[in-house]
Amino acid sequence: MGGAPVAEVATDELQVWVDQDLCTGDGLCVQYAPEVFEFDVDGLAYVKGPDGELRLAPGSRVDVPEHLRLEVVDSARECPGECIHVVRASDGVEVAGPAAED
């Protein structure tokens with residue numbers, strides 16, 4: 001498992017987005033954090049805001065709820081499509097996902 005140390009991801013404010021071009025529709029993210037991820041009618045995963053509305057625009061980010069940070073990070077690390085990007089809100093550095101440093 002690469003990426004930022006768990007302690008860092010547990011305390012930093014995070015945002016997440018899904019690259020639908022790479023999404024395989026596997027559903028791990030929806031299982032890990034159904035409050036953050038949901039399938040649309042196209043069978044692909046999208047992030048949703050605190051209002052429950054899917055963010056359908058490409059690259060749309062939502063804040064990761066504090067109590068779901070580890071679940072969202074795990075979903076990015078386990079995603080077979082490598083399409084989930086978790087970034088620090090403060091500087092945009094990817095802490096989990098395909099562009100995260102190992």
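When reading the values below, keep in mind they use all heavy atoms of this one structure, side chains included, and skip hydrogens, waters and symmetry mates. Note that the numbering runs from 1 along the sequence shown for the chain. All values reported here derive from a predicted model rather than from experimental measurement.
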Linking I/L/V/M/F/W/Y whenever their side-chain heavy atoms sit closer than 4.5 Å, directly or via other members, would [X] and [Y] fall into one cluster?
X: Val87; Y: Leu70; answer: no
X: Val18; Y: Leu44; answer: no
X: Val62; Y: Val86; answer: yes
X: Trp17; Y: Leu54; answer: no

As an exercise, state the distance from [atom1] of [X] to [atom2] of [Y], rounded to the nearest 0.5 Å.
X: Cys29; Y: Tyr46; atom1: SG; atom2: OH; value: 12.0 Å
X: Glu94; Y: Leu14; atom1: CD; atom2: CG; value: 11.0 Å
X: Asp63; Y: Leu68; atom1: CG; atom2: CG; value: 12.5 Å
X: Asp42; Y: Leu56; atom1: CG; atom2: CG; value: 8.0 Å
X: Arg61; Y: Arg55; atom1: CZ; atom2: CZ; value: 14.0 Å

### Side-chain touch Phe37/Val47, heavy atoms, less than 4.5 angstrom
yes
### Query
Looking at side-chain heavy atoms only, is the closest gap between Leu28 and Cys79 below 4.5 Å?
no
### Task
Any salt bridge (Lys or Arg N to Asp or Glu O under 4.0 Å) involving residues 29-38? Give me the pairs, sequence neighbours left out, ordered by first then second residue.
Glu38-Lys48
### Task
Linking directly or through intermediates, with side-chain heavy atoms under 4.5 Å: list the remaining ILVMFWY members grouped with Val41, chain and number order.
none
### Query
Can you list the residues that meet the side-chain contact (heavy atoms from CB on, under 4.5 Å) rule with Ala89, with sequence neighbours excluded?
Glu13, Gln15
### Query
Got a sec, which residues hit side-chain hydrogen bond (donor to acceptor under 3.5 Å, both in side chains) with Asp40, two or more places apart in sequence or on another chain?
none
### Query
Considering all heavy atoms of both residues, which atom of Ala45 and which atom of Cys23 are nearest to each other, and what is their separation?
N-SG, 3.4 Å
### Exercise: identify the closest heavy-atom pair between Val95 and Arg88
CG1-CG, 3.8 Å
### Task
Report the residues that fulfil salt bridge (Lys or Arg N to Asp or Glu O under 4.0 Å) with Glu53, sequence neighbours left out, ordered by chain and then residue number.
none
### Query
Can you list every side chain to side chain donor-acceptor pair (under 3.5 Å) pair that touches residues 20-33, not counting sequence neighbours?
none
